[in-house]
Amino acid sequence: MTEQVTPFPVWRRSLSYEQEAEMAERILETPVAERVEKAGQLRLEDSRVLLGVVHVLMKRWETSPAAVRDEAEFFYRFVEKPKRRIGFFDERDYLLGEFALIAGTMCRGLSRRDEARFWFDRSESRFQHVMGHETHLARLSYQRMALLIEEQEFEAVLEQLPKVTESFTQLNMPKEAMRCRFLEAVTLKEIERLQDAVKVFLEIAREAQELGSERLVAGAYANLLQLYAMLGEREKALAAANEAVPILERLGSRIGVAKIQWGAACLLREEGQLAAAIEAYRAAQREFAELKMRADVAAIHLVVADLLLDVGQQRQAEWEILTALPIIEEYKLVPEGMQALALLRDSVKRREIDRKALRELHGYFQERVAA
Amino acid sequence: METDPVAREEEVYSFLSRRLRVVDFALRSFYELSQEEAEQAEQRLSDWFHFFAGQPGWEEVPAKDLEEMLLVVACRYARDSQLEKMEGEPPDTKLGRLVKRAPEEVAHKLAKRLKEEREKVRQEYPEDS
């Protein structure tokens with residue numbers, strides 16, 4: 001009964017990885033309106049091809065989060081109804097859970113938080129039925145933690161994070177455990193324990209290098225750039241940027257590159273180079289606008305407004321604020337900052353911008369989760 | 001280095017090739033599937049296992065650590081097939097009693113037995129392990 005090597009064709013994948021990836025790309029290139037009609041030809045009901053789609057979407061989520069969200073929703077709906085026979089065991093439930101998780105993750109990045117929660121709940125209900133659900137539920141918990149950070153629920157994050165980290169460690173998933181440390185560092189940054197955050201990010205950068213996870217290395221250095229900028233440590237900030245940029249470019253991470261531009265803008269602002277800082281913020285803002293990350297666009301409007309007031313451009317600052325306010329309201333971005341929001345809105349109407357309210361408001365956006 | 005899917009595919013194939021006899025044993029000797037039924041089951045299990053081992057979250061876990069999962073699915077598949085033939089009412093036979101047991105429990109015992117056998121081999125022939 002013990003093991004012997006038995007080369008038997010059945011154990012070979014009936015579709016190689018390359019074929020799977022190729023089919024997935026072909027599906028994604030096909031206009032949505034034509035896909036259902038061509039389902040057979042595109043092998044849309046083949047679980048392995050759909051897993052290929054999952055991998056392609058995951059590769060694209062730092063380049064086009066809005067499009068990935070829409071695609072994930074399409075595939076979720078396709079697999080869900082009518083009830084199709086996909087795979088023979090738990091493949092259908094897994095795919096529904098994964099597409100819902102991708103849609104939720106993208107919604108989180110796009111600050112569509114209610115929608116993110118909705119997708120995460122769907123993902124949970126599907127993952128509960130699959131083999132090895134502990135792993136997928138832990139991945140889902142990670143995304144929920146990240147959402148809590150964006151909602152400024154730092155105490156809850158620090159309380160729940162050790163449990164999630166422990167789950168990943170027990171499941172033999174060191175990279176995921178490290179991503180939890182990433183959330184811990186982001187939280188430390190948010191609660192202004194800057195030196196502690198630096199320490200954790202430096203550890204992450206070193207350990208991620210050892211694990212061979214370029215994405216985490218780049219994410220850690222991108223955050224270090226911002227932290228050193230906030231601490232006024234120019235040389236270290238530039239060194240961090242030099243580490244992060246080549247990796248982000250190689251990975252094609254547009255979100256990462258935009259965050260680097262944001263970090264560089266922070267550095268210039270701390271150094272008092274206000275005009276250059278405004279330019280750098282605008283460059284980051286253009287990138288976020290293209291990525292449809294409207295919360296980041298709004299945050300930058302507020303920071304730029306603050307800088308414009310420093311250089312005496314009151315009217316332009318008013319315009320920046322008036323552009324940001326509808327986005328903040330539409331996305332309910334600062335439920336905890338409603339008072340500051342109201343004060344700022346009134347002050348703009350009176351044409352006497354309330355700096356305290358403005359700073360309080362853009363403080364809520366400090367930096368958003370990158371991992 | 002991030003996960004290399006081609007290397008993963010080979011790792012999974014190599015793992016499955018080594019486990020064929022164990023899976024076949026579970027399907028035919030334990031659950032009394034016919035050769036034809038067992039072959040069909042093995043094709044499906046192979047597809048499922050490649051799918052499972054390629055999922056985000058599992059793709060970095062060594063294939064050998066996923067052995068029990070494979071056995072659980074094999075036992076579940078075989079149990080369901082036999083239960084269907086028995087029209088949901090297992091008789092009081094050796095197979096009927098096995099079918100009444102949770103496939104997870106059967107798979108766990110099988111995995112444990114395999115582990116013990118491997119350990120025995122390792123102790124007897126340390127130079128080969």
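Protein chains get the first letters and strands the later ones, always in sequence-line order, with residue 1 at the start of each.
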*Which heavy atom in A/Arg48 sits nearest to a heavy atom in B/Asp47, and how many Å separate them?*
NH1-OD1, 3.7 Å
*Shortest non-hydrogen contact between B/Pro62 and A/Asn172, atoms and distance*: CD-ND2, 4.1 Å
*Would you indicate whether the side-chain heavy atoms of A/Tyr17 and B/Arg8 approach each other to under 4.5 Å?*
no
_Sub-4.5 Å heavy-atom contacts with chain A: which residues of residues 74-96 of chain B show up?_
B/Arg76, B/Tyr77
Does atom [atom1] of [X] have more than 12 heavy-atom neighbours, drawn from other residues, nucleotides or ligands, at distances under 6.0 Å?
{"X": "A/Arg250", "atom1": "CZ", "result": "yes"}
{"X": "A/Glu22", "atom1": "CD", "result": "no"}
{"X": "B/Lys109", "atom1": "NZ", "result": "no"}

*Portion of B/Gln55 that has a non-hydrogen atom of chain A nearer than 4.5 angstrom*: both
*Which answer fits B/Asp65, side chain, backbone, both or neither, if we ask what part of it has an atom under 4.5 Å from a heavy atom of chain A?*
side chain
*When rounded to the nearest 0.5 angstrom, what is the spacing between CD in B/Glu60 and OG in A/Ser213?*
8.0 Å
Sequence neighbours left out, cut at 3.5 Å: what donor-acceptor pairs do the side chains of residues 160-167 of chain A make with other protein atoms?
from	atom 1	to	atom 2	distance (Å)
A/Thr165	OG1	A/Leu161	O	2.8
A/Glu166	OE2	A/Gln170	NE2	3.2
A/Ser167	OG	A/Lys163	O	3.0

_If we define contacts as heavy-atom pairs under 4.5 Å, which of A/Glu176, A/His136, A/Met58 has the most with chain B?_
A/His136
_For A/Phe168, give me all partners under ring pair (Phe, Tyr, Trp, His ring centres under 6.0 Å), at least two apart in sequence or on another chain._
none
Using residues 89-107 of chain A as the side-chain source, report each donor-acceptor pair under 3.5 Å to any protein atom, sequence neighbours left out, with the distance given to one decimal.
from	atom 1	to	atom 2	distance (Å)
A/Asp90	OD1	B/Trp48	NE1	2.9
A/Asp90	OD2	A/Met131	N	2.8
A/Glu91	OE1	A/Phe88	N	3.2
A/Glu91	OE1	A/Phe89	N	2.7
A/Glu91	OE2	A/Phe88	N	3.4
A/Arg92	NE	A/Val79	O	3.3
A/Arg92	NH2	A/Val79	O	3.4
A/Arg92	NH2	A/Glu80	O	2.9
A/Asp93	OD1	A/Arg126	NH1	3.3
A/Tyr94	OH	A/Glu98	OE1	2.6
A/Glu98	OE1	A/Arg139	NH1	3.0
A/Glu98	OE1	A/Arg139	NH2	3.4
A/Glu98	OE2	A/Arg139	NH2	2.7
A/Thr105	OG1	A/Leu101	O	2.7

_Contact winner vs chain A - B/Pro5, B/Ser29, B/Pro56, heavy-atom pairs under 4.5 Å_ = B/Pro56
